[in-house]
Amino acid sequence: MSVRSEQSRNAMKPTGWVLFWRTFMPYQLWRFVIVNIRMMVMIWKSHG
Amino acid sequence: MARVVILGAGVSGHTAAMVLRKKLSREHDVVVVTPNRRWNWIPSNIWVGVGLMGKDDVTFELAPIYERLGIDYRQAKGVELHPEGAGDAKHPFVTVEYTSDAQRGVREDLAYDYLINATGPKLNFAATPGLGPEGNSLSVCTFDHAAQTAEALRAAIERMKGGEKLTFVVGTGHGTCTCEGAAFEYVFNLEFEIRNAGVRDAARIVFLTNEAELGDFGVGGLQIQRGGYVVPSRSFAESLFVERGVEWIVGAHVSRVDPREVQYETLDGEMHTLAFDFAMLLPPFTGVGLRAVDRAGEDITAKLFAPNGFMRVDADYTAKPYEEWKARDWPKTYQSPLYGNVFAVGIAFAPPHALSRPRKTKNGTVVAPAPPRTGMPSGIMGRTVALSIADMITKGATSPTRHASMGEMGAACVASAGVGFWKGTAVSMTMFPVVPDYEKYPEAGRDLRHTVGEIGSAGHWIKRILHHLFIYKAKARPGWWMIPE
């Protein structure tokens, strides 16, 4: 068995549905807002 | 009047200089000593390394910025610290050696009241025979290295278009490397660009890392709450590697890089070789080799610095087993325990211990990812020390007034996995705190509400915005001080 197939068998693999959402613009715009809020919270917590 | 000398103008040193200049009146001097003429936004070197950005996109000349701000800029490198002065002269000073064309090799003693060591690392390619651009592998650690790597990638893509099948190896070039996140970003950007060039089938891509498992990133990995589960970052990392068809080899200490072959040892003690056509392997870091001397002329380097050349600060450096390491071991003020007017920030301070469990191969070779001290934590350290020094100068504080322990601060990281407004993606991660604290967070060492990660176009857009935002800030454009580190 090649390294690649052995590694592949033991890992989670994203479905086409998951991959679709990663670059689906309306959803990613929403995630953009959420991730920015999370980062602002992290910055606020870390700047004492 | 006080004089603050800052050695180094990377993220932490440049931040410290700008904050100090803003906080201190012009009667006080802020001096920056850096061997580099240009400031470099290093996170974007990844994109230089795949040919998507050029030197001018990620760098700018420091002199005009410092002239506008009123910062005394010396293009030089610190070579010797005299924290007690020398002979009858009791005032501390640092000996610097100029690197500019006009004064190359000229030495000068710069007196200081406060010193910030923000020198960053020495890229220790010499630790592994054949490693580095002067040897047999490539790097993205500097913009020149990254530009050279982009040229090599371009040539490799042409060869694949000509029908050749090539092997690409990306990762760490020694068992004690840090910044695995940069190698992670580079391998996925490389894969993305090869795919865009239409030659993905001709490329075998291998990620070779000193991490014991993927997703470790030198911080011992993360536990992320997602989909109703608490999942180790390893699962998400492996998933991405499988999705992109990138093989991986973990727990590897690279012992030698020959012209077309890398030799490495794995944790089981086995020695391996891997043939490559293109190898981008990061070097381990050490301190820059500053020497320290007391007033009598005795060498006190070993007192001020750890054996790896990084400066000891207010951390607990007591040797103890991994299981006994605590978040509170990490420094809070970055003040030297020997000299109250000397501080070290960013990569220049000596971490008390690693975050990833250090391991040895069966042959006794150390494979221990070093803890990252770059990016957001580095900037916060620079700012914190600058504010403490400003308080010591203007308010007469006798000890540092500000704290910024990596055991109490979080980090936001965005790791690019391919560039493009529509199809580009990046992993957006936040973790809190950076140093796991199992006393406070027994389950995962970190606060699961604030330790999260996801991949998508949103991350890429944020990464792109951060590139422009931080360069804007570093250029001290209007309102720069409102942009947090």
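Labels below follow one simple rule: chain letters A, B, ... track the order of the sequence lines, proteins then strands, and each chain is numbered from 1.
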Per-residue contacts, residues 13-20 of chain A versus chain B, heavy atoms under 4.5 Å: A/K13, A/P14, A/L19
Please classify the contact of [X] with chain A as side chain, backbone, both or neither, using a heavy-atom distance under 4.5 Å.
{"X": "B/S235", "result": "both"}
{"X": "B/V206", "result": "neither"}
{"X": "B/E485", "result": "both"}
{"X": "B/I380", "result": "side chain"}
{"X": "B/F421", "result": "side chain"}
{"X": "B/R383", "result": "side chain"}

How about [X] and [Y]: do any of their side-chain heavy atoms sit closer than 4.5 Å?
{"X": "B/S388", "Y": "B/T333", "value": "no"}
{"X": "B/L355", "Y": "B/P436", "value": "yes"}
{"X": "B/V419", "Y": "B/R464", "value": "yes"}
{"X": "A/M42", "Y": "B/H450", "value": "yes"}
{"X": "A/M40", "Y": "A/I37", "value": "no"}

Quick one: of [options], who has the most non-hydrogen atom pairs under 4.5 Å with chain A?
{"options": "B/A404, B/P377, B/G459, B/A411", "result": "B/A411"}
{"options": "B/A412, B/P433, B/G410", "result": "B/G410"}
{"options": "B/E408, B/E243, B/M409", "result": "B/E243"}
{"options": "B/M376, B/R234, B/H460, B/M429", "result": "B/M376"}

A/M39/B/S428 under side chain to side chain contact (heavy atoms under 4.5 Å, CB included): CA gap, chis, key distance, verdict: CA-CA 9 Å; A/M39 289 189 171; B/S428 312; 4.1 Å; yes
Main-chain N/O of B/G445 paired to B/D437 side chain as donor or acceptor, under 3.5 Å: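 Flag not set: sc B/D437 to bb B/G445 has no pair under 3.5 Å.
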Polar side-chain atom of B/E211 near backbone of B/F217 as donor-acceptor pair, under 3.5 Å: yes
NZ/B/K332: more than 12 non-hydrogen atoms of other groups inside 6.0 Å: yes
Nearest-0.5 Å distance that lies between atom OH in A/Y27 and atom OG in B/S457: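 Going from OH on A/Y27 over to OG on B/S457, the span is 11.5 Å.
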Mutual orientation of the aromatic rings belonging to B/F188 and B/F241 [parallel < 30°, tilted 30-60°, perpendicular > 60°]: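 If you compare the ring of B/F188 with that of B/F241, the planes turn out perpendicular.
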